[in-house]
Every structure is written in structure tokens, then in C-alpha cells.
Amino acid sequence: MARFKNVDLARRYHISEATVRNWVKMTQAGRLSLTLESQGGRQLVADTPGNIEIIEKLVEENRKYRNAKFARTISPSPEFYKV
């Protein structure tokens, strides 16, 4: 079965690798219902439709709020160009 490396998940969902490691730890502790697979002594997240759904839900819930000021674009006034 296919599996995600932590780096792959971090790049795909624009999150930190530490977040993915925390998900694996939470799954091992029984607080999260992701499916893990072992590969060479490492626990990796399995590439299953159920896992993808859970991961997308986690990413959306924990996305930091960015207010409208963050997304606002500004342009200089004509007076700026005269100077």
C-alpha cells in the first residue's frame, strides 16, 4: 500500500513537518484515527481515502485565521509618482 512521507504531507498541505510528526504521535496514542504503516522502523501515514479526508479536515480546522488586512493589496497614489 502507498504511504506518505512526512515531508510529502508537509509540502502537499503547506504545513510544518512537526505538525505531521504530532499527528503520528497522536495516532499512536489513540487520539487520532489515521491509519499508519511501518517502514524500516518508522511509522508513516497510509495513503488511503479515509486518511486523506481526515488530514484535509485537520488542516482546515487548524488553519490560522488571517484577517482582511493580510490579504489587502495597496497601490501608491498618483502623488507618490510625482515625487
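In what follows, every heavy atom counts, from backbone to side chain, and hydrogens, waters and symmetry copies are set aside.
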Asn51 side chain vs Thr35 backbone, donor-acceptor pair below 3.5 Å: yes

Separation between CE (Met26) and OG1 (Thr19), nearest 0.5 Å, reads 10.5 Å

Using a 4.5 Å cut-off on heavy atoms from C-beta on, say whether the side chain of Ile54 contacts that of Ser33. yes

Considering only heavy atoms from C-beta outward, does the side chain of Lys5 approach that of Leu9 to under 4.5 Å? no

Hey, are the side chains of Ile15 and Val20 touching, using non-hydrogen atoms and a 4.5 Å cut-off? yes

Answer whether the closest heavy-atom distance between the side chains of Lys57 and Glu53 falls below 4.5 Å. no

Heavy-atom pair of closest approach, residues Leu36 and Gln43: CB-OE1, 3.5 Å

From Arg31 atom CZ to Asn22 atom CG, the distance as rounded to the nearest 0.5 Å: 9.0 Å

Check Ala46 against Glu37 and note the closest heavy-atom contact, atom names and distance. CB-OE2, 3.8 Å

If you apply the rule side-chain contact (heavy atoms from CB on, under 4.5 Å), what do you find for Arg12 with Asp8, and how did you get there? CA-CA 6 Å; Arg12 184 176 185 175; Asp8 297 336; over 6 Å; no

Validation row: Leu32, Trp23 side chains within 4.5 angstrom (heavy atoms): yes

Arg3 side chain near Val45 side chain, heavy-atom distance below 4.5 Å: no

Taking side chain to side chain donor-acceptor pair (under 3.5 Å) as the cut-off, I'd like each qualifying pair that reaches into residues 73-83, sequence neighbours left out, listed once. none

Heavy-atom pair of closest approach, residues Ala10 and Ser16: CB-C, 4.1 Å

Spell out, yes or no, whether Val59 and Leu44 are grouped together once hydrophobic residues are joined by side-chain heavy atoms under 4.5 Å, including indirect joins. no

If we only count heavy atoms from C-beta on, is the Phe4 to Thr48 side-chain gap below 4.5 Å? no

